[in-house]
Amino acid sequence: MNTEGHAERFSRAADRYYTDRLPGRSQCIQKVLELLNPQLDDVILDIGCGPGIQLIQLAESIRAGIGVDPAEAMIQRARSDAVNCQNLSFVKGSAEKLPEEICQTGVNKIYSNYVIHHLPNTHKREAIRGLANLLPTGGLFILGDMMFSDDPEKHKDLFDYVGYVPENDSPAYVSELKEMFSESNLIPKIHVLNPLVAVILGQKI
Ligand SMILES: C[S@@+](CC[C@H](N)C(=O)[O-])C[C@H]1O[C@@H](n2cnc3c(N)ncnc32)[C@H](O)[C@@H]1O
């Protein structure tokens with residue numbers, strides 16, 4: 001399924017979407033937010049923000065936040081739920097095709113939770129490169145998602161826990177993503193949560 005297909009699928013789910021519906025996904029975002037370590041002068045980009053749940057939680061702890069998602073209904077819900085958060089904006093776009101205005105925002109941290117497994121590996125590589133290019137030296141990119149540190153077939157008992165549906169999802173191996181980070185001048189540090197989910201903290205050099 002391509003990005004348009006995923007956008008349509010997620011638009012249909014926008015009204016009833018919650019990050020912590022699955023324990024594996026909830027554990028992942030908690031680690032992402034811990035590593036993000038929000039500061040009052042941060043300008044933070046959330047790629048695949050869905051209905052903006054995390055940026056809304058962060059709004060009072062950061063200077064500005066921008067959420068990007070290809071699903072129109074997710075962006076609409078985020079804008080409506082964030083109506084009192086003047087420092088947040090939500091823009092339609094994708095990890096591979098970032099909205100032009102993002103480049104002028106002075107983003108110093110980027111995170112993405114449970115999104116990149118939707119992209120084939122060639123698009124993952126391009127997206128990581130484009131996102132890394134937005135960051136200044138020392139900037140952070142935190143990627144939490146399904147990614148394999150072992151053969152997934154050995155861990156079928158975890159599929160429901162992490163929400164892995166082989167027909168819909170294309171997670172990469174941790175080693176592949178680690179290489180993509182390094183190629184994009186991001187020094188990667190890996191936090192494995194279970195054999196199917198990990199968080200990578202990349203620092204721009
Ligand atoms: C599982 S949801 C995660 C939402 C949010 N990050 C969270 O943790 O609650 C996946 C989101 O990724 C978005 N998405 C799908 N393909 C994408 C792409 N190529 N670039 C950016 N976002 C994408 C979907 O529209 C959906 O909102």
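Remember, it's 1-based here, ligands and their atoms both numbered in the order they're listed. This chain uses plain numbering: 1 for the first residue, then up along the sequence.
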Task: Co-members of the apolar cluster containing Ile187 [side chain, <4.5 Å] - done: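 Joined to Ile187, directly or through intermediates: Ile205.
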
Open item on the list: Is there a side-chain contact between Met147 and Ile200 in this structure, where contact means two heavy atoms from C-beta onward sitting under 4.5 Å apart?
Closed with: yes

Please could you name the atoms of ligand 1 that [X] approaches to less than 4.0 Å, counting only its heavy atoms?
{"X": "Ala71", "result": "25 (O)"}
{"X": "Leu119", "result": "18 (C), 19 (N)"}
{"X": "Asn113", "result": "3 (C), 5 (C), 6 (N), 8 (O)"}
{"X": "Tyr114", "result": "1 (C), 2 (S), 3 (C), 10 (C)"}

- [ ] Anything under 30° is parallel, anything over 60° is perpendicular, the rest tilted; go ahead and classify Phe141 against Phe181.
- [x]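 Taking Phe181 first and then Phe141, their aromatic rings lie parallel (interplane angle under 30°).
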
Task: Electrostatic pair Glu34:Lys31 at N-O distance under 4.0 angstrom - done: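 Between Lys31 and Glu34 there is a salt bridge, with a charged N closer than 4.0 Å to a carboxylate O.
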
Task: Of the listed options Glu72, Glu96, His117, His118, closest to atom 18 (C) of ligand 1 (non-hydrogen atoms) - done: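 Going through Glu72, Glu96, His117, His118 one by one, Glu96 has the nearest heavy atom to atom 18 (C) of ligand 1.
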
- [ ] Not counting sequence neighbours, which residues clear side chain to side chain donor-acceptor pair (under 3.5 Å) with Glu176? List them please.
- [x] Asn121

Task: Residues, nucleotides or ligands: over 12 heavy atoms within 6.0 Å of Asp160 CG - done: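 Incorrect, the count does not exceed 12.
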
Open item on the list: Check this for me: Lys178, atom NZ, are more than 12 non-hydrogen atoms of other residues, nucleotides or ligands nearer than 6.0 Å?
Closed with: no

TODO: Would you check whether His123 reaches within less than 4.0 Å of ligand 1, judged by its heavy atoms?
DONE: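 Judged by the 4.0 Å heavy-atom criterion, His123 does not count as contacting ligand 1.
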
Open item on the list: Taking only non-hydrogen atoms of Asp69, do any sit less than 4.0 angstrom from ligand 1?
Closed with: yes

Open item on the list: Evaluate Ala95 for polar contact with ligand 1, using N/O atom pairs at a separation under 3.5 Å.
Closed with: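 There is such a contact, yes.
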
Open item on the list: Please report whether ligand 1 has a polar contact with Gly48, defined as an N or O pair separated by less than 3.5 Å (distance criterion only).
Closed with: yes

